[in-house]
Amino acid sequence: MSQAKRRRVIAGNWKMYKTQADTRAFFSAFLPLVRGARACDIVVAPPFTSIPAAVEASRDSGVAIGGQDVFWEKEGAFTGEISPPMLVEAGCRYVIIGHSERRQFFGETEQTVAKKTKAALVAGLTPIVCVGELLEHREAGRTEEVCERQFLGGPGALTPEEFSRILVAYEPVWAIGTGKTATPEIAAAAHRFLRKCAERKFSAEQARAVRILYGGSVKPDNIQGLMAQEELDGALVGGASLDAKSFASIVNGCEAAQ
Ligand code: 13P
């Protein structure tokens, strides 16, 4: 293959877990275990209140910190929301947008995903934009239709320049927190399809360059099989990112698969 290899990313989405004290304890156990990691980027997305503790504890380690969501305005009367410049000031470099739990429980739509992504980019954050089908979609043979709709309404609503600065995460909802990982082949087929959507919307070059992470029950014992698929540019890890040892072994499994 002639194109430059896409650098892999292992990102931990802590969801609504870990206090500040838990966060400090995590990093003191985790960082020594990943000191040798060079081939993959590492991101941790704690809850908002634990971001300062995570930034402090990971300083100079090469581990980047991210938010789990963001609002699209810079400031204003939006009770409960956090803006992109606020995340940047707190030390974040990444932000997860459009997670299925936001879609399912908090009314996230393709339109809000696109607005949040654009605003995050203006502030200089790297958005990790999530897409993925429900079990009922997959069983009805509608996986591609749903992924295409989410892709076109979110990442596909960006300019080509904006699109070149995001990461996409494919997270089939039936695999999240269920222990049911997509097989490496199922994940790779969905990634190939999303790359095809990117090619149609943008260009072949942009489709080749975009990094697509897989998320859904990624664990230390399945990371190497998943990373054996060239289509997968890393992982977005929920439950297994909460434990320093298991998240480190996922990072090191990704390193070993390079
Ligand atoms: P699990 O790894 O717990 O299945 O969660 C995946 C996820 O939702 C990451 O964003």
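When a ligand or atom number is given, it counts from 1 through the structure's own listing order. All values reported here derive from a predicted model rather than from experimental measurement.
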With distance as the sole test, does [X] use its side chain to make a donor-acceptor pair with the main-chain N or O of [Y] at under 3.5 Å?
X	Y	value
Q68	N13	no
R8	L232	yes
Q150	G132	yes

- Closest approach of V43 and F247, non-hydrogen atoms and distance? O-CZ, 3.9 Å

- Considering non-hydrogen atoms only, spot the tightest contact between V237 and I10 and give its length. CG2-CG2, 4.4 Å

- Ionic contact status for R93 with D41, cut-off 4.0 Å: no

- Message: If the threshold is 4.0 Å, N to carboxylate O, is there a salt bridge linking R103 and E110?
- Response: yes

- Query: Just distances here: any N/O of T178 and N/O of ligand 1 closer than 3.5 Å?
  - Reply: no

Closest non-hydrogen protein atom to [atom], residue and atom name please, with distance?
atom	result
atom 7 (C) of ligand 1	E171 OE2, 3.2 Å
atom 4 (O) of ligand 1	G177 N, 2.6 Å
atom 2 (O) of ligand 1	G238 N, 2.9 Å
atom 3 (O) of ligand 1	G239 N, 2.8 Å

- Query: Under a 4.0 Å heavy-atom limit, does N13 contact ligand 1 with its side chain, its backbone, both, or neither?
  - Reply: side chain

- Note on the structure: Note: A240, heavy atoms under 4.0 Å from ligand 1, region reported as neither

Enumerate the atoms of ligand 1 whose separation from the nearest heavy atom of [X] is less than 4.0 angstrom.
X	value
S217	1 (P), 2 (O), 4 (O)
L236	9 (C), 10 (O)
G216	4 (O), 6 (C)
A175	4 (O)

- Side chains of S58 and V44 in contact at under 4.5 Å (non-hydrogen atoms): no

- Query: Out of curiosity, is K219 lining ligand 1, as in a heavy atom under 4.0 Å away?
  - Reply: no

